[in-house]
Amino acid sequence: MARPFHFSQIEQGTFVPTEYAQSHWGADHLNGPALVGLVARTLEQEFGRPEFLPARLTVDLFKAARGVPTTVKLALLRDGRRVRNAECELIQDGVPIVRAVMVQYRLSEPPRGREWVPSASFAGPAARDDDGGVDMGSDEVGWTSAIADHQNTSRKRFVNRTIDVVEGDHNSPFVRAAMVAEGTSLVTNLGTAGVGYINGDLTVALSRLPRDEWVAVQADSHWTADGISVGTSTLFDSAGPVGTGMVTAVANPGAQIDFANDPFPDRTR
């Protein structure tokens, strides 16, 4: 069976979204993981270096993306000995819809001494369906394959094997981490009536790249006031924590996603 993917590349720097890139937010609205995956893939392929770690990716999702041809615009902001910064914009119909900055640090030996490290643990599902892409968990319910089962007020987590961003090109560890980190919005903003906040950004910070196809994200904090939400998470692979995700979001009750009554059940959020 052919591997699913979010975009087809029709020419250099231009991509057309597939049905897998569609979001629950509307009939012609692209999902966050697809957009984050496209900028992460583009930045890494153009500016990534094996002696550097892509330690931070900040993505501003400032305009709704639609199912139309999408072009990328790239710029190398700094090419330093220890720090490299690069920028990517996604453009639809001549208008920027996403802007992302990737920061890379040169790999080196750690400094002397020991530092404080928080305790962090992740217990995944006892069994995983390798034909599926997502398992969702919450403290109240445990693990299931349906997001709707976890519309509650307890702490949430999920594990995900991301589908390819671009047809015929398998996701790199960095791209997998970035795409799963976008799920910080889901594990922090999913409540008893579904998801009523839409995130306008993502910051993913990595101390190392994940080693597995499956990557997990677990909620750490969630603070809200006056229709604004801030959520943070920890990313895990089978060896332990790999980094942190953070999203800010704005209330969107007019298009709230109630997964128990979802008109687009097969779409990625």
Residues N160 and T162: side-chain donor-acceptor under 3.5 angstrom: no

So, applying side-chain hydrogen bond (donor to acceptor under 3.5 Å, both in side chains) with H222, which one of T188, N189, T232 is it? N189

Rounded to the nearest 0.5 Å, how far apart are CD1 of I198 and OG of S229? 12.5 Å

Polar side chain donor-acceptor pair, H6 to T18, under 3.5 angstrom: no

Donor-acceptor contacts under 3.5 Å from residues 47-60 side chains, at least two apart:
residue	atom	partner	partner atom	Å
R49	NH1	F47	O	3.3
R56	NH1	T58	OG1	2.6

At their closest point, which heavy atom of W143 faces which heavy atom of V159, and how far apart are they? CZ3-N, 4.1 Å

Keeping N171 on the side-chain end and V165 on the backbone end, is there a donor-acceptor pair under 3.5 Å? yes

Can you see whether N85 engages Q104 through a side-chain donor-acceptor pair at a distance of less than 3.5 angstrom? no

Can you confirm whether the side chains of D201 and T248 place a donor and an acceptor under 3.5 Å from each other? yes

Tabulate below the donor-acceptor pairs under 3.5 Å that side-chain atoms of residues 66-73 make, not counting sequence neighbours, or state none.
residue	atom	partner	partner atom	Å
R66	NH2	D93	OD2	2.5
T70	OG1	V68	O	3.0
T70	OG1	Q92	NE2	2.9
T71	OG1	I91	O	3.4

I'd like to know if the side chain of D169 pairs up with that of Q9 as donor and acceptor (distance under 3.5 Å, no hydrogens or angles considered). no

Please confirm whether the backbone N or O of S121 pairs with a side-chain atom of Q218, one donor and one acceptor, at under 3.5 Å? yes

Is there a side-chain hydrogen bond (donor to acceptor under 3.5 Å, both in side chains) between Q151 and T192? Walk through the geometry before answering. CA-CA 4 Å; Q151 293 193 172; T192 59; over 6 Å; no

Could you check whether any side-chain N or O of N252 sits under 3.5 Å from a backbone N or O of G196, counting only pairs where one atom can act as donor and the other as acceptor? no

Sidechain-backbone polar pair: N152 side chain, S154 backbone, donor-acceptor under 3.5 Å: yes

For the side chain of R161 and the backbone of R176, is there at least one donor-acceptor N/O pair under 3.5 Å apart? no

Keeping T14 on the side-chain end and I10 on the backbone end, is there a donor-acceptor pair under 3.5 Å? no

I'd like to check the ring-ring contact (aromatic ring centres under 6.0 Å, His included) partners of F236; sequence neighbours left out, ordered by chain and number. F122

Check whether any side-chain N or O of N31 sits under 3.5 Å from a backbone N or O of Y20 as a donor-acceptor pair, and report yes or no. yes

Taking H29 for its side chain and S23 for its backbone only, find out whether a donor-acceptor pair lies under 3.5 Å. no

Are F259 and H24 close enough, and set up right, to give a ring pair (Phe, Tyr, Trp, His ring centres under 6.0 Å), and what steps lead you there? CA-CA 9 Å; F259 289 94; H24 292 269; 5.3 Å; yes

Begin with the C-alpha distance, continue with both residues' side-chain angles, and end with the deciding distance and a verdict on salt bridge (charged side-chain N to carboxylate O under 4.0 Å, His left out) for D139 and R155. CA-CA 6 Å; D139 289 350; R155 188 184 190 188; 5.7 Å; no

Residue pair V83 / R78: nearest heavy atoms and the distance that separates them: O-NE, 3.7 Å

Please check if the side chain of D237 supplies one atom and the backbone of R211 the other of a donor-acceptor pair under 3.5 Å. yes

